[in-house]
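Convention: sequence-line order gives letters A, B, ...; per-chain numbering from 1.
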Amino acid sequence: MSTYDIIYDIVRQIPVGKVATYGQVAELANLAGKARLVGYALYRVDIQSSDIPWHRVINAKGEISHSTLRQGTDYLQKTLLEEEGIILTSDGKIKLSQYQWQPS
DNA sequence: CCGGTGACCCGAG
DNA sequence: GCTCGGGCCACCG
């Protein structure tokens, strides 16, 4: 059971149509303050064949995180979120007040 | 073993 | 709004 497995478990619990922030996932995984690890963990995920809804994880500002290393998967993320019914604002942000996952 | 590298976050100015 | 700086720590060469 590695640190990453715990992170992946949390991400798998995010329901359709909701999102969570990196920091939020870190907290739920008992890794408060280590949001960076969450980002790194998702970077390592196999986008093609994993069962992890990686696209439901965004940064604390409600934006999709961009990186030169993502090779267009950031655009894919936007598309997948819209397919789940999440409306992005004209400047590409997500309203956390409306869509953020509230774990029980 | 060591150091560079991140899909991050928050507070200060 | 912005930019900086510090904290975080697993991974990889």
Enquirer: Distances for protein N/O vs nucleotides 9-13 of chain C N/O pairs under 3.5 angstrom?
Expert:
{"residue": "C:dC9", "atom": "OP1", "partner": "A:K34", "partner atom": "NZ", "Å": "3.3"}
{"residue": "C:dC12", "atom": "OP1", "partner": "A:R44", "partner atom": "NH1", "Å": "3.4"}
{"residue": "C:dC12", "atom": "OP1", "partner": "A:R44", "partner atom": "NH2", "Å": "2.4"}

Enquirer: Considering every strand and a 4.0 Å limit on heavy-atom distances, what is the contact class for A:I7: base, sugar-phosphate, or nothing?
Expert: nothing
Enquirer: Would you indicate whether A:Y4, at its atom OH, is surrounded by more than 12 heavy atoms from other residues, nucleotides or ligands within a distance under 6.0 Å?
Expert: yes
Enquirer: Quick one: pull up NZ in A:K18 and CG in A:L81 and give me the separation to the nearest 0.5 Å.
Expert: 13.0 Å
Enquirer: Got a sec, which hydrophobics cluster with A:M1, joining ILVMFWY side chains under 4.5 Å apart, including via others?
Expert: A:I6
Enquirer: Is there a side-chain polar atom (N or O) of A:T21 under 4.0 Å from OP1 or OP2 of B:dC8?
Expert: no
Enquirer: Would you kindly give the OH-to-P distance between A:Y22 and B:dC10, to the nearest whole Å?
Expert: 14 Å
Enquirer: Without decimals, in angstroms, what is the distance between A:L42 CG and B:dG6 P?
Expert: 16 Å
Enquirer: Would you mind checking if A:E84 and A:R56 are paired as a salt bridge, meaning a charged N to carboxylate O distance below 4.0 Å?
Expert: yes
Enquirer: Any base atoms under 4.0 Å from A:L69, or only sugar-phosphate, or nothing? Heavy atoms, all strands.
Expert: sugar-phosphate
Enquirer: Hey, could you give me the CG/NZ distance between A:L80 and A:K78, rounded to the nearest 0.5 Å?
Expert: 11.5 Å
Enquirer: With a 4.5 Å cut-off on side-chain heavy atoms, are A:L96 and A:I58 touching?
Expert: yes
Enquirer: To the nearest Å, give me how far apart CG (A:N59) and C1' (B:dC9) are.
Expert: 9 Å
